[in-house]
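These numbers were taken from a predicted model, which means no experiment stands behind them.
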Amino acid sequence: MTARFLFTCNVVLPIVLTILTGYFLKVLKIFPPEFFKFLNKLSFRCCLPVMLFLNVYKIENLSEVLGYTKIVLFTFAAIMLSFFISVILCALFVKDEKQKGVMVQAAYRSNNAIIGLSMVISLMSGKECFDSAVAVASVLTSIFIPLFNILAVISLTMFIKENGKSAGILTVLKNIAKNPLIIACLTGFIVLIIRHFIPLEINEAGIERPVFTIKENLPFLYRTLEMLGSCATTVALIALGGGFTFSAVAKLKYMITAGTLTRLVIVPVSVLFAARALGFGEVEFPALIALFGTPVAVSSVPMATEMNNDDELAGQLVVWTSIASAFTLFAIIFACAQTGIFTV
């Protein structure tokens, strides 16, 4: 039991400690306050897009995606249901227009891109179904992170009024088209499709590979992308810590509580019960826990900032869901182990 709790802490604590690093950098006044705003822009416009591009690019081939139709359709339905229900509830009960889209994000947008796959690898290490479980997690990540970002643009646009009017469909589509995170994901899929039609050759190990890939034939470019992508999480978390204020907790406590409960308890428990009822098991559950049970995505903060939503609330939700997830993830993993879905 202690080992399981330590496992979840090891997953979550690096995120929390990196946020605290940004916070103490602000307290120590090593950098001017504007520095953290520029970090947010760097994260949103450069590092996070590169990371998302690589997430898609690393899919071996399109047949990987087509081989997991059932779990992909289930996940799509769960995400869309979470999104639509949260839109309705936030429209009815959240008064501040700039907070509505942020609360919608909390319902469906998890931190799967950053800690999801590593959590699945740690959870399934040494098990016979390790390769299958990791493959499911990789496929779900590559497909649904672009969907997360498209839904984020919609949710952060639909409630904001310009000149007294809500954004029209053309405004929403324009924001989707120019969003750096979505552009990066679509570019990754375009490259993936192009690679699908590149002729194959058999390498020295007897494995079929495309005759040309960025990684093999342009290693300097691939390494550059890896370096930029690898710092995406760190830059975003330090920027978040630099903008975090404890004084905001009191005025936002009800929103923080509602968002945290929704992200870490209501959504994952509902989805996992449905998944169990439909017959999913040890291969699929780690990926579903990572996709639905992890904290609010770090990228939700720079996106809220760029799109004139309540970035303070967005930051608070990332921090508090990250802290609370050490306990909720432990409870979810423990419950799954006790019911025999998988062993840890």
Do [X] and [Y] have side-chain heavy atoms sitting under 4.5 Å apart?
X	Y	answer
T233	V298	no
S300	V318	yes
S155	F83	yes
I15	N111	yes
F159	V94	no
V136	F280	no
P180	F44	yes
I160	M307	no

If you compare all heavy atoms of [X] against all heavy atoms of [Y], which two are closest, and at what distance to 0.1 Å?
X	Y	answer
L264	G293	CD2-O, 3.5 Å
A232	L48	CB-N, 3.8 Å
V120	P286	CG2-O, 3.6 Å
F148	S110	CE1-OG, 3.8 Å
F189	I143	CZ-CA, 4.4 Å
R276	G281	NH1-CA, 4.2 Å

Linking I/L/V/M/F/W/Y whenever any side-chain heavy atoms sit under 4.5 Å apart, do [X] and [Y] land together?
X	Y	answer
I150	L140	yes
F93	F84	no
Y108	I266	no
L20	W320	yes
V283	F74	yes

- Those residues at least two apart in sequence (or on a different chain) that pass side chain to side chain donor-acceptor pair (under 3.5 Å) with N179 are none

- Under the side chain to side chain donor-acceptor pair (under 3.5 Å) rule, collect the residues that match up with T141, sequence neighbours excluded.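 Scan of T141 (side chain to side chain donor-acceptor pair (under 3.5 Å), adjacent residues dropped) gives N112.
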
- Among V104, L252, N309, which one satisfies side chain to side chain contact (heavy atoms under 4.5 Å, CB included) with Q99? L252

- Message: Quick check on M80: does its CE atom have over 12 non-hydrogen neighbours (other residues, nucleotides or ligands) under 6.0 Å away?
- Response: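 Yes, CE of M80 has more than 12 neighbouring heavy atoms, counting only those of other groups under 6.0 Å.
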
- Message: Determine whether I79 and S82 satisfy the following criterion, side chain to side chain contact (heavy atoms under 4.5 Å, CB included), listing intermediate values before the conclusion.
- Response: CA-CA 5 Å; I79 291 172; S82 300; 5.7 Å; no

To the nearest 0.5 Å, tell me how far [X] [atom1] sits from [Y] [atom2].
X	Y	atom1	atom2	answer
M303	N175	CE	CG	10.0 Å
M103	L317	CE	CG	6.0 Å
K100	L156	NZ	CG	13.5 Å
C46	M51	SG	CE	12.0 Å
I176	I154	CD1	CD1	4.5 Å
L225	L54	CG	CG	5.5 Å

Does any N or O in the side chain of [X] come within less than 3.5 Å of the main-chain N or O of [Y], such that one atom is a donor and the other an acceptor?
X	Y	result
T21	L17	yes
Q316	T245	yes
D311	A314	no
Y57	I214	yes
N149	L147	no
T213	E216	yes
Y68	L73	no
T321	T260	no

- Test side chain to side chain contact (heavy atoms under 4.5 Å, CB included) applied to M158 and V87, step by step: CA-CA 10 Å; M158 66 189 302; V87 165; 3.9 Å; yes

- Does the distance from a Lys or Arg side-chain N to an Asp or Glu carboxylate O, for R223 and E226, drop under 4.0 Å?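 Salt bridge: yes.
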
- Is a salt bridge present between E284 and K70, judged by a nitrogen-to-oxygen distance below 4.0 Å? no

- Message: Under the criterion side chain to side chain contact (heavy atoms under 4.5 Å, CB included), I'd like the reasoning laid out for L237 against V16: C-alpha separation, chi angles, the key distance, then a yes or no.
- Response: CA-CA 8 Å; L237 291 174; V16 176; over 6 Å; no

Residues two or more places apart in sequence or in another chain: which of them pass ring-ring contact (aromatic ring centres under 6.0 Å, His included) with [X]?
X	result
F285	none
F246	Y23, F244
F212	none

- Task: Decide whether a cation-pi geometry holds between R263 and F292; the criteria are a distance under 6.0 Å from NZ or CZ to the six-membered ring centre and an angle within 45° of the ring axis.
- Result: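 R263 over F292 ring: no.
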
- Query: Is there a donor-acceptor contact under 3.5 Å linking the side chains of S299 and R109?
  - Reply: yes

- Message: Could you go through L240 and T18, starting from their C-alpha distance and side-chain angles, then the distance that decides it, and tell me whether this counts as side chain to side chain contact (heavy atoms under 4.5 Å, CB included)?
- Response: CA-CA 9 Å; L240 171 58; T18 307; over 6 Å; no

- ILVMFWY clustering at 4.5 Å (side-chain atoms), partners of F35: L25, L28, I30, F31, F36, L39, L42, V235, I238

- Task: Evaluate salt bridge (charged side-chain N to carboxylate O under 4.0 Å, His left out) for K178 paired with E306, printing each intermediate quantity in order.
- Result: CA-CA 12 Å; K178 68 181 185 180; E306 292 283 326; over 6 Å; no

